[in-house]
Amino acid sequence: MLDGAMLVWFIFAAISVIFVTWDSFTNTPTSWVQRLAWILVVVYTGVVGLLLYLITCRRPFPGGHDTFTRATWKQSVNSEMHCLAGDATGIVIAASIVPLLGLTNGWDAIIEYISGFICGLFIFQALMMLNMYQGNYLKAVRKTFFAETVSMNMVMAGMIPTMVILASLWPESEDPTRATFWFRMSLAAIVGGIIAYPINYWLVKNHLKHGCMTLPGRDRPAPCLGFCSPEKPSGGTNLLTDSLAGHSQAKSHNEHQMEMSSLPLVTSSAWVVGTILFLLFTLFLTNHIFPIRF
């Protein structure tokens with residue numbers, strides 16, 4: 001029965017990845033970073049990721065992306081995709097290697113945490129957001145450290161316990177050459193995404209983390225959207241109309257941007273410690289059901 005469920009899952013996951021890849025390059029006007037994040041998330045979460053993409057990021061019609069993605073809850077989902085894509089990628093890489101080391105599941109979890117943190121912060125946050133910080137990599141690391149750390153701890157609080165539990169139920173799922181390994185990773189990524197959403201909503205709402213931003217000049221309104229006169233213009237282009245349209249689009253994009261804020265060191269440190277304690281609490285509960293050994 002599990003084999004049949006996995007077969008259906010992987011078929012629909014493949015279809016979802018193909019669609020999101022095609023749509024993100026041909027329709028939705030987001031940056032290459034956002035595209036890559038969505039593609040990787042859909043690789044890991046299948047149809048669940050596709051559904052989120054459709055309701056929070058996909059452009060519904062030309063000129064409508066800014067308005068469609070403006071709601072804070074949608075911005076939060078798009079913001080979380082950066083974290084989830086990076087953390088899940090790091091964890092999957094580590095989980096593919098640790099079986100060769102013959103370690104206990106506790107050490108496996110530590111290695112996966114470190115790998116997820118490195119991949120999430122130093123690649124998917126700092127490196128890929130480099131242009132936002134004038135090409136200064138150290139500044140990008142410093143500016144994204146807090147948001148990535150608290151978000152990643154929540155992702156880990158969902159992923160690691162799920163991986164430990166499913167590995168106990170499906171021992172063969174620790175082998176990266178088996179389909180159950182990738183199914184276990186998918187389920188863990190989904191749980192991690194759910195657990196991490198509230199903290200990402202809080203980060204975006206308080207301007208501590210970026211959401212989804214439309215690329216300037218890439219989301220032009222469709223011709224005659226809403227109304228089009230049947231009469232042909234008597235002369236050349238209407239410079240006033242074009243100017244107003246361009247001003248309206250620029251204003252919409254600028255309104256969609258957010259000024260980033262920061263927290264005092266004591267407050268941000270308290271949030272980091274709090275998310276670490278939450279992660280440890282979830283591992284403590286997991287250990288009472290499925291032992292975590294060192």
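No hydrogens, no waters, no symmetry mates; every other heavy atom, side chains included, goes into these values.
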Nearest heavy atoms of Val155 and Cys83, plus distance in Å: CG2-SG, 4.0 Å
Between Val47 and Ile55, is there a shared hydrophobic cluster once you connect ILVMFWY residues whose side-chain heavy atoms come closer than 4.5 Å? yes
Are Phe68 and Tyr201 connected, step by step, through hydrophobic side chains (Ile, Leu, Val, Met, Phe, Trp, Tyr) whose heavy atoms are closer than 4.5 Å? no
Where Thr30 and Cys57 come nearest, the two heavy atoms and their spacing: CG2-SG, 4.1 Å
Decide yes or no on side-chain contact (heavy atoms from CB on, under 4.5 Å) for Trp73 and Thr56, but give the supporting numbers first. CA-CA 8 Å; Trp73 73 270; Thr56 65; 3.6 Å; yes
Does Ser115 use its side chain to pair, donor to acceptor, with the backbone of Gly90 at less than 3.5 Å? yes
Contacts table for residues 106-113: side-chain donor-acceptor under 3.5 angstrom, sequence neighbours left out:
{"unit_1": "Tyr113", "atom_1": "OH", "unit_2": "Asn153", "atom_2": "OD1", "d": "2.7"}

Determine yes or no for a side-chain-to-main-chain donor-acceptor pair under 3.5 angstrom, with Asn206 supplying the side chain and Trp202 the backbone. yes
Checking the side chain of Ser96 only, and the main-chain atoms of Pro176 only, is there a donor and an acceptor separated by less than 3.5 Å? no
A side-chain contact here means heavy atoms from C-beta on lying under 4.5 Å apart; do Leu7 and Asp3 qualify? no
According to a hydrophobic-cluster definition based on side-chain heavy atoms being under 4.5 Å apart (Ile, Leu, Val, Met, Phe, Trp, Tyr only), do Ile289 and Ile292 belong together? yes
Could you tell me whether the side chain of Met6 reaches within less than 4.5 Å of the side chain of Arg178, counting heavy atoms only? no
Can you find a side-chain donor-acceptor pair between Asn200 and Ser151 that sits under 3.5 Å? yes
Can you establish whether the number of heavy atoms outside Tyr137 located under 6.0 Å from its atom OH is more than 12? yes
Rounded to the nearest 0.5 Å, how far apart are CG of Leu166 and CZ of Phe183? 8.5 Å
Please state whether the rings of Tyr53 and Phe19 are parallel, tilted or perpendicular, taking 30° and 60° as the class boundaries. perpendicular
Any side-chain to backbone donor/acceptor pair from Asp175 onto Thr177? Under 3.5 Å, distance only. yes
Shortest non-hydrogen pair, Ser168 vs Phe290, comes out as CB-CD2, 3.3 Å
Closest heavy-atom pair and its distance - Ala85, Thr89: O-OG1, 2.6 Å
Quick check: are there more than 12 heavy atoms from other residues, nucleotides or ligands sitting under 6.0 Å from NZ of Lys205? no
ILVMFWY cluster, Val8 and Leu2 together (side-chain gap under 4.5 Å): yes
Between the side chains of Thr144 and Tyr133, is a donor N or O closer than 3.5 angstrom to an acceptor N or O? no
side-chain hydrogen bond (donor to acceptor under 3.5 Å, both in side chains), that's the test. Do Gln75 and His210 meet it? Break it down for me. CA-CA 8 Å; Gln75 290 285 305; His210 277 290; over 6 Å; no
Hey, mind stepping through Thr162 and Met159 against side-chain contact (heavy atoms from CB on, under 4.5 Å) and telling me if it holds? CA-CA 5 Å; Thr162 303; Met159 286 194 69; 5.9 Å; no
Rounded at 0.5 Å granularity, tell me how far CG in Leu40 sits from CE in Met81. 11.5 Å
Atom NZ of residue position Lys143 - does it have more than 12 heavy atoms of other residues, nucleotides or ligands inside 6.0 Å? no
Side chain Gln34, main chain Asn78, donor-acceptor under 3.5 Å: yes
Is any side-chain heavy atom of Thr149 less than 4.5 Å from a side-chain heavy atom of Trp271? no
Nearest heavy atoms of Asn136 and Leu130, plus distance in Å: C-CD1, 3.7 Å
Tell me whether Arg184 contacts the main-chain N or O of Ser173 through its side chain, where contact means a donor paired with an acceptor under 3.5 Å. yes
For the student: nearest non-hydrogen atoms of Tyr197 and Ser76, plus distance: CE1-CB, 3.7 Å
With rounding to the nearest 0.5 angstrom, report the OG1 to CZ distance, Thr69 to Arg59. 11.5 Å
Same apolar cluster: Leu279 and Phe284, side chain cutoff 4.5 Å: no
Here the gap from Ile39 atom CD1 to Ile18 atom CD1, rounded to the nearest 0.5 Å, amounts to 11.5 Å
Look up atom OG in Ser16 and atom CZ in Phe10, then write down how far apart they are to the nearest 0.5 Å. 12.5 Å
Side-chain contact test, heavy atoms from C-beta onward, threshold under 4.5 Å: evaluate it for Glu148 versus Asp87 and give yes or no. yes
Measure the CD1-CE distance between Ile91 and Met156 for me, rounded to the nearest 0.5 Å. 3.5 Å
Would you find a donor on one side and an acceptor on the other, under 3.5 Å apart, between the side chain of Asn105 and the backbone of Pro291? yes
Check whether any side-chain N or O of Tyr44 sits under 3.5 Å from a backbone N or O of Ala188 as a donor-acceptor pair, and report yes or no. no
Just so I know, are the side chains of Phe122 and Phe117 near enough to count as touching, which here means a heavy-atom distance under 4.5 Å? yes
Donor-acceptor under 3.5 Å (Arg35 side chain, Ser24 main chain): yes
